[in-house]
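Quick notes on the structure that follows.
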Amino acid sequence: MTDYKSTLNLPDTQFPMRGDLPKREPERLKAWQEGNVYGQMRAARQGRPSFVLHDGPPYANGDIHIGHAVNKVLKDMIVKSKVLSGFDAPYIPGWDCHGLPIELNVEKVKGKVGVKLDARAFRQACRDYADTQVARQKKDFQRLGVLADWEAPYLTKDVSFEANQLRALAKIVDNNHLYLGLKPVYWSVGAQSALAEAEVEYADKRSNAIDVAFVVVDPDQIFSRWDATHLPNRGEGRCSVVIWTTTPWTLPANEAVALNAELEYALVQIERDGMAERIVVALGLLEAIMGRYGIADYQVLATGSGAGLEGLLLQHPFLDKQVPVIVGEHVTLDAGTGAVHTAPAHGVEDFQVGMRYNLPVNCPVDGSGRYIDGTPLFAGDSVLSVDAKVLEILREKSVLIHHQAITHSYPHCWRTKTPLIFRATPQWFISMEQAGLRDQALAAIPKVNWIPEWGQGRINAMIDGRPDWCISRQRHWGVPIAIFVHKQTQQMHPRTSELLGLVANLVEKDGIDAWYELDAASLLGHEASEYEKVQDILDVWFDSGVTHSCVLETREGVSRPADLYLEGSDQHRGWFQSSLLTSLAMDGTAPYKSVLTHGFTVDADGKKMSKSKGNVVAPQEICDKLGADILRLWIASSDYRYEMTVSSEIIARIADSYRRIRNTARFLLANLKGFKPEQALPLTELVALDQWVVHRAHHIQQQVIADYDAYQFHQIVQAVHHFCAVDLGAFYLDIIKDRQYTAKRGSRAHRSVQTALYHLLQALVRWIAPVLSYTSDEIWQTMRTELGDMESPVVFTAHWYDGLRPLLSEQTSFDEGFWQSMMDLRDQVNKQLEVQRAAGTIKGSLTAEVTLFVDESWQSRLALLGDELRFVLITSAVFVKPLAQATEDAVASELTGVSLVVMPTAHAKCERCWHHRDDVGTYEGYEGICGRCVDNVAGEGEVRHYA
RNA sequence: UGGCCUGUAGCUCAGUUGGUUAGAGCGCACCCCUGAUAAGGGUGAGGUCGGCCGUUCAAAUCGGCCCAGGCCAACCA
């Protein structure tokens with residue numbers, strides 16, 4: 001028996017079937033870094049229109065988690081696709097390096113400022129710590145296959161950044177947005193600093209809820225004010241208004257008791273500890289209150305509105321002063337007594353209502369949470385542990401009506417986890433109104449392209465309702481608010497903007513320490529003694545907020561406004577907003593043209609990931625176990641605009657589809673063995689089926705490019721995978737295997753299919769490049785080795801493949817509809833093949849012959865293929881007969897006008913092409929093979945026109 | 001508690017302005033192939049479109065309520 005295998009064109013390639021990604025990706029990454037692929041990408045598009053995606057800086061603390069990976073990979077996919085589309089797309093990564101989390105980590109190791117080291121040494125330690133964090137995160141980001149300017153990222157701790165930040169602040173001062181105000185702010189006793197709202201988190205806290213009597217100085221006034229002097233019974237005993245509070249420590253700062261003007265209040269006669277007593281509480285809460293106090297016998301003496309009592313004087317429960325009753329809409333019947341203890345220094349609403357009544361804002365608590373010297377009774381005590389003492393004093397004074405411990409959700413410091421207090425302190429604010437910033441922002445929002453669209457409504461609502469931005473922090477690791485304030489008037493120096501510029505120049509040389517070490521006289525001269533240097537630093541949200549200026553306006557290749565900001569949806573409150581506000585405050589323009597958001601990752605049950613739940617998926621682990629391309633493919637295949645679900649099943653499915661795409665590429669490569677691009681046939685001369693697949697690929701490519709432009713990566717993955725699995729695997733490649741393997745090497749029939757495969761591969765390798773970057777480059781390098789020169793040394797500097805054309809038109813016989821009908825026909829034939837296979841009459845489809853009984857419409861269509869129809873159906877023979885001649889065993893198909901019979905072949909198997917043909921054995925010297933194989937082995941090679 | 005968003009087969013996604021028996025791929029089951037072989041092909045079973053109530057001749061598509069989940073915010077003086 002002759003061995004014909006050597007006469008076949010069997011697949012062969014160095015490209016391995018298995019990716020072995022965890023091992024091979026790091027090697028490839030190394031090559032990219034050594035070859036400076038990012039630099040090549042920039043160089044290849046020099047002078048081309050740019051696309052600026054501005055990277056939001058992750059905080060330089062802790063290892064990256066899956067959310068970081070999602071964010072950076074999405075950006076990377078966009079940048080790579082833009083380069084393929086011909087744009088110069090710089091990608092300058094950044095890190096947020098100042099701020100409390102780093103300080104706290106440094107404190108843990110080095111101790112607090114002033115204890116073991118001074119502020120300067122502390123800041124240096126922070127700098128060093130940030131460097132280590134940046135290095136760790138950078139390594140992980142690079143491992144993901146993200147190509148960016150990793151050698152020159154922007155760091156908010158760079159002295160040039162710090163200097164530019166001060167210049168940005170100067171512009172904001174110039175535009176009159178900054179003011180120094182006294183306000184109750186969230187104050188962390190643990191961190192000894194004011195906190196931004198973003199730094200606050202809620203947690204359950206056990207508190208002492210107490211009801212305290214504020215004795216009415218002149219009880220008769222209640223009756224007169226309520227127009228109730230006619231009542232015969234005015235009751236007996238002490239008369240008081242009872243408040244309810246869960247923060248006993250704020251009582252020393254009490255300045256008033258607030259009632260709701262509209263609510264009905266009652267003066268109630270009760271007996272407590274055997275003593276007759278009268279109390280004023282909200283009528284609507286009376287039953288609940290009496291229940292709480294355990295008082296069954298009580299009598300309402302009089303009722304009246306809260307408004308009626310406005311101005312009534314009350315005795316402070318333990319301080320030697322009298323406070324007024326005031327009214328405010330914030331008082332409700334939700335809880336308590338309907339009478340609210342008001343300490344303007346310790347609550348926002350208290351502060352606001354206090355302003356209306358010109359109440360003093362005396363804050364008796366210092367930054368460490370202790371009552372300041374001179375505070376009666378409590379000087380030196382800590383507010384966090386003073387409750388017991390307050391209660392004891394209230395009991396002594398007999399004004400503690402009730403006490404119980406409650407557990408409620410309470411604001412805590414996000415870092416130190418200590419309960420927060422509100423504390424009125426001098427703070428720096430960017431005003432939303434003073435120079436019209438809010439209106440400016442609301443006007444700018446509709447001009448930005450928000451993706452998805454609901455982002456617009458969201459940020460609009462947030463801007464609309466937000467308070468002034470408190471940008472000062474009483475910490476050490478950050479950019480100083482380098483402003484001189486007049487010691488007496490507390491006014492900013494008239495030349496503040498100019499002075500900021502001078503300080504910026506110093507900071508640019510020596511870093512932020514320059515401010516603290518600055519001799520005021522060197523800038524202010526003789527005025528120096530009248531001014532003091534502000535010691536506060538800027539909120540880190542300000543740092544990252546001004547990257548549009550400090551990065552986009554200073555780095556080569558980028559410009560402001562950016563084409564795109566891309567972050568998680570939480571950044572509507574964070575970076576999107578801080579960037580917008582600072583940008584508008586500086587020069588009245590928005591920092592971005594488009595804002596794209598992605599959702600958060602959740603587990604299989606749609607629950608958020610958290611360490612405590614143990615449902616976190618680490619990107620490092622996926623890279624190490626399966627490879628970065630698997631992680632990237634998961635990111636690309638999720639509709640990231642909403643929640644992104646990760647689970648082991650999802651990752652397993654992703655790995656499956658990865659293999660499908662990889663093996664498709666491998667099969668294409670393997671069948672191009674011996675092919676040189678210059679041997680490609682003109683597209684119009686290809687076998688009809690090959691024209692179809694090129695046409696189809698062209699169509700897919702249009703869709704792929706459109707989806708990249710719309711950042712719809714999951715549609716790309718679906719389309720490419722579908723193309724590989726359905727168009728190619730289940731149809732085209734299955735059919736052309738016969739011709740590819742058995743046609744005479746180098747014949748037109750063979751070159752035609754290789755030409756098509758070549759174009760497919762060229763297109764496919766580019767389609768997947770932004771997503772499966774490692775694999776795409778692996779394919780690309782194999783192509784360079786096995787096929788010769790490529791457009792560029794790396795796929796990332798190439799353009800979308802331009803070798804595809806739409807070849808099928810309505811004018812040709814072989815239009816899209818024709819091939820669709822062939823697929824439909826194949827489905828029907830396959831069903832019958834399956835029936836026969838199950839019955840045991842046939843095995844593979846080449847052991848079968850099929851007879852089609854068709855109507856005239858089908859007959860004319862099938863006639864176009866002639867004898868090549870059998871290759872489309874992958875059977876050894878096909879007989880087409882008129883429907884009228886259908887035999888009894890013919891089975892009606894689901895297609896109108898088609899019945900068919902599948903039968904086992906009676907002929908011998910050609911040992912070369914494996915078709916069963918009646919002419920096998922009829923050729924002398926070639927006894928084992930069929931006629932066309934004889935032609936392919938010894939003759940000119942068979943001719944194929946259609947399949 | 002409020003604002004915004006999400007909820008279609010085990011998984012990832014399609015489902016145009018409401019209109020015939022809701023689609024695809026993957027996975028799964030069974031079969032075939034052994035010249036893509038830790039690959040490839042075929043057939044098949046899977047969904048009361050989160051739930052309920054409405055509008056309509058007709059709803060996965062419109063409205064209301066509810067449930068689950070996500071992001072953000074607020075609250076509990």
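Convention: sequence-line order gives letters A, B, ...; per-chain numbering from 1.
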What does [X] touch in the nucleic acid at a heavy-atom separation under 4.0 angstrom: a base, only the sugar-phosphate, or nothing?
X	value
T645(A)	sugar-phosphate
G457(A)	nothing
R912(A)	base
K737(A)	base
D639(A)	sugar-phosphate
S845(A)	nothing
F667(A)	base
N663(A)	base
S569(A)	sugar-phosphate
L833(A)	nothing
A730(A)	sugar-phosphate

> For the atom pair CZ (R659(A)) and SG (C724(A)), what is the distance rounded to the nearest 0.5 Å?
Replying inline: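 Reported value, rounded in 0.5 Å steps: 15.0 Å.
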> Rounded to the nearest 0.5 Å, what separation is found between the OG1 atom of T601(A) and the NE2 atom of H68(A)?
Replying inline: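 Here the rounded value is 11.0 Å.
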> What class does the angle between the rings of Y711(A) and F713(A) fall in, given that below 30° is parallel, 30 to 60° is tilted and above 60° is perpendicular?
Replying inline: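 Tilted.
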Within this structure, what is the [atom1]-to-[atom2] distance between [X] and [N], rounded to whole angstrom?
X	N	atom1	atom2	value
H915(A)	C33(B)	NE2	P	16 Å
M644(A)	C13(B)	CE	C1'	13 Å
Q456(A)	C4(B)	CD	P	14 Å
F600(A)	C4(B)	CZ	C1'	14 Å
R662(A)	U37(B)	CZ	P	13 Å
M17(A)	A36(B)	CE	P	11 Å

Show me the protein contacts with nucleotides 21-25 of chain B, counting only N or O atoms at under 3.5 Å.
unit_1	atom_1	unit_2	atom_2	d
A24(B)	O2'	H722(A)	NE2	2.8
G25(B)	O2'	H721(A)	ND1	2.8

> Taking 4.0 angstrom as the limit, do R932(A) and D738(A) come out as a salt bridge?
Replying inline: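 Judged by the 4.0 Å cut-off on N to carboxylate O distance, R932(A) and D738(A) do form a salt bridge.
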> Is D605(A) salt-bridged to K613(A), cutoff N-O under 4.0 Å?
Replying inline: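 Salt bridge: no.
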> Partner of C28(B) by Watson-Crick or G-U wobble geometry, both contacts under 3.5 Å, or none?
Replying inline: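 C28(B) is paired, partner G44(B).
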> Whom does G2(B) pair with, Watson-Crick or G-U wobble, provided both distances fall under 3.5 Å?
Replying inline: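 Check on G2(B): paired to C72(B), both distances under 3.5 Å.
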Considering just the side-chain nitrogens and oxygens of [X], establish if one lies under 4.0 Å of OP1 or OP2 belonging to [N].
X	N	value
K831(A)	G44(B)	yes
Q715(A)	A14(B)	yes
K608(A)	C71(B)	yes
Y658(A)	C26(B)	no

> Between M609(A) and V617(A), does a side chain to side chain contact (heavy atoms under 4.5 Å, CB included) hold up when you go through it step by step?
Replying inline: CA-CA 8 Å; M609(A) 302 201 153; V617(A) 176; 3.9 Å; yes
>> Between the base of A36(B) and the side chain of R666(A), is one N or O donor paired with an acceptor at under 3.5 angstrom?
In response: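 Absent.
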>> Is the base of G35(B) stacked against the aromatic ring of W914(A), taking ring centres under 5.5 Å apart and planes under 30° as the test?
In response: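 Yes, aromatic ring over the base.
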> For I445(A) and W450(A), what are the C-alpha separation, side-chain angles and deciding distance, and is it a side chain to side chain contact (heavy atoms under 4.5 Å, CB included)?
Replying inline: CA-CA 9 Å; I445(A) 287 169; W450(A) 302 91; 3.7 Å; yes
